[in-house]
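To start, the structure itself, in structure tokens.
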Amino acid sequence: MERTTLISPAEIEQQLSHCQAVAELTAQWPDRPLAFVDTYGCQQNEADSERIRGFLAKMGFGFTASEEEARIIVINTCAIREHAEQRVFGNVGALVHVKRRHPDTLICLCGCMAQQPHVAKKIRESYRHVDLVFGPHALWRFPEMVHTLLTQRGRAFSVDDEAGSIAEGIPVVRQDRIKAWVSIMYGCNNFCSYCIVPYTRGRERSREPEVILGEIAELAAQGYKDITLLGQNVNSYGKDLEGGWDFPRLLERAAAIPGEFLLRFMTSHPKDATEKLFDVMARCEKVAPVIHLPFQSGNTRVLTAMNRRYSREQYLDKVDALRRRIPNVVLTSDVIVGFPGETTEEFEDTLSLIEQVRFDALFTFIYSPRKGTPAAELPDPQPRGEKSANFDRLVEVQNRISLEKHRAYIGSVQRCLIDGAGEDPRSSLNARTAGGRLVHLDGDPALIGRFADVRITGCSTWALFGELV
Ligand code: 5AD
Ligand code: SF4
């Protein structure tokens, strides 16, 4: 099978020469060239922004958090819900003042919003201070686009729809020295009826296992302690590869890499999360005992309308199979309230599933119609107020469960990764349990980046409190 999706090394080399050419230009600027990269949305976007920063660093840019100081502003956007889009439109609109004060500042908009034709059109017509618009598919050509704009001026739009490609060898500037993301695949083939992602990020395509394992080994050698394998649906990994690769096999190989680190992964579509995966999680000490398994709805009719391809019962069976192998597994999930046509009884099924499964944490969303998705065409008679009321009920139930689950930690000793400074002087450090729960504690900042045993002494709905053992 020929992999037509791979961008050739020569093409990446060419992009790096564009970086070099831009570096020669920026070296002559009177002030130090600075860039501001603002990221919305999911971890995949965070990972993309690290590649954008990688390119920018090669172009000679340093980084700032100030739009005023920046000579290039990159806004990496999310399209998953309308609210996220409105925030971006608001912030991008406000940049017109920055552009007025600094006409030479390049303003770039990228990510999933940019990939949607109606958004690109709106930016083209009504946000004329935006110089460059490009979707996820064009990210690897960012240096070339910047080079062209700096030498020829004008505006550029790279938002053509495509199935998507894989570009290896793009430089990265990572945001953290303890935690790292590693994309193992891109795109999604599931077409859940509410979701825009398959339209903005293209078809599923897997990176070569050797490249991924090499990257993880390098991160482990650099001292990274917490490595998250990323994909819209990691359990589809390898379907497009030769050699019988699948996600459990990749995970097991990654867990065999020497070093003191934990492996996590997200996201897992329940229909593709297999017992083989749960076995690997149970068997491998380096794989954190945690899984994010979005259920979206507790009602089978709604799940069918969502095109999720599992029933309530099948979801519950998966959770049983998982907990049989890892009784203390930390289980988190996503849920949508107010899908078009959802009745009160169907919503009650979602509540009852939450009570039955008792998730450790839940990401709760009110349905947001996305232009171009099948669900956006469905009749949606339920008033917004009713959806909000259901949403509030659901959050209340989950908060109670989260608190009960946290209380059960009190008195236990948890091996935690100390991952940063706390905001409160009485809890100067933040840590994460292997299952990813946040712990506040007091201690020497020199411990940041180390694993330590922490006795849990208290909790709230959102976090645990502890002390070093
Ligand atoms: N409306 C509300 N929530 C959505 N999600 C995805 N698309 C939508 C939408 N149109 C939620 C799902 C998904 C999470 C990342 O965002 O729960 O798992
Ligand atoms: Fe969207 Fe469904 Fe793909 Fe997740 S699996 S990215 S919800 S289409």
Side-chain angles (χ1 to χ4, degrees), residues 39-48 77-87 111-113 115-116 118-119 136 163-164 183-206 228 230-237 239 247 265-273 291-299 302-310 315 318 331-342 347 350 353-354 359 361-378 380 382 384 387-388 390-391 394-395 398:
T39 312
Y40 294 78
C42 64
Q43 283 86 354
Q44 187 59 58
N45 255 17
E46 297 287 350
D48 283 351
T77 64
C78 170
I80 202 104
R81 282 175 297 276
E82 196 184 350
H83 178 70
E85 291 197 348
Q86 292 310 341
R87 265 177 62 212
C112 284
M113 262 175 86
Q115 193 66 50
Q116 300 174 96
H118 68 278
V119 174
S183 298
I184 63 164
M185 59 186 301
Y186 306 101
C188 183
N189 287 357
N190 287 317
F191 291 93
C192 301
S193 64
Y194 51 81
C195 186
I196 194 71
V197 169
Y199 306 89
T200 60
R201 288 197 174 268
R203 295 295 63 72
E204 281 174 3
R205 51 218 189 266
S206 307
T228 303
L230 286 184
Q232 248 69 44
N233 175 18
V234 290
N235 296 307
S236 291
Y237 178 79
K239 284 184 182 161
F247 183 60
F265 52 92
M266 65 187 318
T267 294
S268 286
H269 194 302
K271 78 176 161 58
D272 302 313
I291 187 166
H292 184 63
L293 204 58
F295 74 100
Q296 313 297 3
S297 165
N299 175 272
V302 175
L303 286 169
T304 307
M306 287 176 164
N307 192 30
R308 291 291 287 178
R309 285 172 281 171
Y310 54 83
Y315 184 86
K318 286 270 153 115
L331 184 57
T332 62
S333 199
D334 295 342
V335 57
I336 297 175
V337 175
F339 184 79
E342 185 183 65
F347 168 72
T350 290
L353 188 139
I354 293 172
F359 295 101
L362 202 53
F363 298 87
T364 47
F365 308 105
I366 293 188
Y367 170 73
S368 169
R370 307 285 60 215
K371 204 182 172 118
T373 62
E377 306 300 320
L378 294 173
D380 190 1
Q382 192 179 36
R384 176 85 195 180
K387 293 189 184 194
S388 304
N390 285 346
F391 180 84
L394 189 147
V395 169
Q398 180 56 40

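Predicted model only: the values in this text are computed from it and were never measured. For ligands, and for the atoms within them, numbers begin at 1 and follow the listed sequence.
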Quiz item: Do Ser183 and Gln44 have side chains that get closer than 4.5 Å, going by heavy atoms?
Solution: yes
Self-check item: Any Arg308 heavy atom less than 4.0 Å to ligand 2
Solution: yes
Quiz prompt | ligand 2 versus Asn233: contacting region, heavy-atom distance under 4.0 Å | solution = neither
Exercise. Can you sort out which atoms of ligand 2 are near Gln232, meaning under 4.0 Å from one of its heavy atoms?
Key: 6 (S)
Practice problem: Below 4.0 angstrom from a heavy atom of Tyr367, which ligand 1 atoms are there? Numbered from 1 as shown, please. | Solution: 1 (N), 2 (C)
Quiz item: Can you tell me which residue and heavy atom of the protein come closest to atom 16 (O) of ligand 1, and the distance to 0.1 Å?
Solution: Arg81 NH1, 3.2 Å
Quiz item: If you measure from OG1 on Thr267 to CG on Asn233, what distance do you get to the nearest 0.5 Å?
Solution: 8.0 Å
Practice problem: Pick one of side chain, backbone, both or neither for how Pro198 approaches ligand 2, counting any non-hydrogen atom pair under 4.0 Å. | Solution: side chain
Quiz item: Is the distance between the ring centroids of Phe391 and Phe365 under 6.0 Å?
Solution: no
Quiz item: Are any of the side-chain heavy atoms of Tyr40 and Met113 separated by less than 4.5 Å?
Solution: no
Self-check item: Val337 to Lys387 - nearest heavy-atom pair and separation
Solution: CG1-O, 3.8 Å
Exercise. For Val197, take its heavy atoms, then give the atoms of ligand 2 lying under 4.0 Å from any of them.
Key: 6 (S)
Self-check item: Where ligand 2 meets Cys192 - atom numbers and elements under 4.0 angstrom, heavy-atom basis
Solution: 2 (Fe), 5 (S), 7 (S), 8 (S)
Self-check item: Among Arg308, Glu342, Gln296, side-chain contact (heavy atoms from CB on, under 4.5 Å) partner for Val302
Solution: Glu342
Quiz item: Which protein non-hydrogen atom lies closest to atom 17 (O) of ligand 1, naming both residue and atom, and how far is it?
Solution: Gln296 OE1, 2.7 Å
Exercise. Pick one of side chain, backbone, both or neither for how Ile80 approaches ligand 1, counting any non-hydrogen atom pair under 4.0 Å.
Key: both
Practice problem: If you have a sec, work out which protein heavy atom is nearest atom 1 (N) of ligand 1 and how many Å separate them, to one decimal? | Solution: Ser368 N, 2.9 Å
Practice problem: Return yes when at least one N/O/S atom of Cys188 is nearer than 2.8 Å to atom 3 (Fe) of ligand 2, and no when none is. | Solution: yes
Quiz prompt | Protein residue, atom and distance nearest to atom 5 (S) of ligand 2, heavy-atom basis | solution = Asn190 ND2, 3.4 Å
Quiz prompt | Any Val197 heavy atom less than 4.0 Å to ligand 1 | solution = no
Self-check item: Contact partition for Tyr194 relative to ligand 1, non-hydrogen atoms under 4.0 Å
Solution: both
Quiz item: With side chains defined as the heavy atoms from C-beta onward, is the minimum distance between Gln115 and Pro136 less than 4.5 Å?
Solution: yes
Quiz item: Would you call the rings of Phe359 and Tyr315 parallel, tilted or perpendicular, where under 30° means parallel and over 60° means perpendicular?
Solution: tilted
Quiz prompt | Nearest non-hydrogen protein atom, atom 14 (C) of ligand 1 | solution = Asp334 OD2, 3.4 Å
Exercise. May I ask you to identify, for Ile196, whether its side chain, its backbone, both or neither come under 4.0 Å of ligand 1 on a heavy-atom basis?
Key: neither
Practice problem: For ligand 2, note which part of Phe191 has a heavy atom under 4.0 Å away: side chain, backbone, both or neither. | Solution: backbone
Exercise. Using modelled atom types only, decide if a donor and an acceptor are shared between the side chain of Lys318 and the backbone of Pro270 within a distance under 3.5 Å.
Key: yes
